[in-house]
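Heads up: the structure comes next, in structure tokens.
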Amino acid sequence: ETGVTQSPTHLIKTRGQQVTLRCSSQSGHNTVSWYQQALGQGPQFIFQYYREEENGRGNFPPRFSGLQFPNYSSELNVNALELDDSALYLCASSPGTSGTETYEQYFGPGTRLTVT
Amino acid sequence: EDQVTQSPEALRLQEGESSSLNCSYTVSGLRGLFWYRQDPGKGPEFLFTLYSAGEEKEKERLKATLTKKESFLHITAPKPEDSATYLCAVQAVYGQNFVFGPGTRLSVLP
């Protein structure tokens, strides 16, 4: 059992609006990553947080931003929503550090965002 | 740029018909290769981590192997409950993120 939860499960927004998605990591996991998964594709890396600091970012514009809190919760914020932002948004937690170790990432069930 | 491709895109098997899924990767120094299973509408479920060429790992009907350029996920005598999308991902030595392939959609018919 991974213990990673996400809310809400589904969300419908209008183009131009802002959205906040939430994730609760597994206890003890200091690293959280966010991914965007379009239908029929593999997850695409958005960014990663380690101990409340962003320590890696994929090819996503600045309107995608995040926060990580000391209680193992985190947020993904997307401003000025576009139709192409419609996707499954996944968070993944791991006990990994920013060093050279490798740790598995454990995924939550995702939030399905639809932008109309 | 790190890249991962997977083949075939989709695979239909009869129950008990063994087969293999392929994951080919290009990465500047491999830290780890990961296999995940994803059911429709759900998040990926971790299966295996492989670190170096020649390494093998098994779990029930699944066996993952790794070479310097690709990984295989062998499915022996699959059952309908093995139907899912199987994702492969790599993590580079210098990076923190996982780079995922597009997945192989497996259907096992009874």
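Letters go in sequence order (proteins before strands), and every chain restarts at 1.
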(message) Given heavy-atom pairs under 4.5 angstrom as the criterion, report whether the side chain, backbone, both or neither of B:Q38 touches chain A.
(response) side chain

(request) Heavy-atom distances under 4.5 Å only: say whether B:Y36 touches chain A with side chain, backbone, both or neither. (result) side chain

(request) Work out which heavy atom in A:L90 is nearest to a heavy atom in B:P44; give both atom names and the distance. (result) CD1-CD, 3.8 Å

(request) Flag yes if more than 12 heavy atoms outside B:K42 fall under 6.0 Å of its NZ atom; otherwise flag no. (result) no

(request) Check whether A:Q37 gets within reach of chain B through its side chain, its backbone, both or neither, counting any heavy atom under 4.5 Å. (result) side chain

(request) Look at atom CZ of A:R63 and say whether more than 12 heavy atoms of other residues, nucleotides or ligands are closer to it than 6.0 Å. (result) yes

(request) State yes or no: are the ring centers of B:F98 and A:Y35 separated by less than 6.0 Å? (result) no

(message) Using a 6.0 Å cut-off, check whether atom NZ of B:K69 has over 12 heavy atoms from anything other than its own residue.
(response) no

(message) Using a 6.0 Å cut-off, check whether atom CG of A:N59 has over 12 heavy atoms from anything other than its own residue.
(response) no

(request) Measure the CZ-CG distance between A:F45 and B:D2 for me, rounded to the nearest 0.5 Å. (result) 12.0 Å

(message) For A:E104 versus B:Y51, what's the shortest heavy-atom pair and its separation?
(response) OE2-OH, 4.0 Å

(request) Check which hydrophobic residues are tied to A:L39 through side-chain heavy-atom contacts below 4.5 Å, counting indirect links as well, and list them. (result) none

(request) Could you tell me whether B:E81 atom CD has more than 12 heavy atoms of other residues or ligands within 6.0 Å of it? (result) yes

(request) Drop me the distance from A:Q105's CD to B:N97's CG, to the nearest 0.5 angstrom. (result) 8.5 Å

(message) Among residues at least two apart in sequence or on other chains, which ones pass side-chain contact (heavy atoms from CB on, under 4.5 Å) with B:D82?
(response) B:R37, B:R61, B:P78, B:K79, B:Y86, B:V108

(message) Please find the pair of heavy atoms, one from A:P43 and one from B:L87, that lie closest to each other, and give the distance.
(response) CD-CD1, 4.0 Å

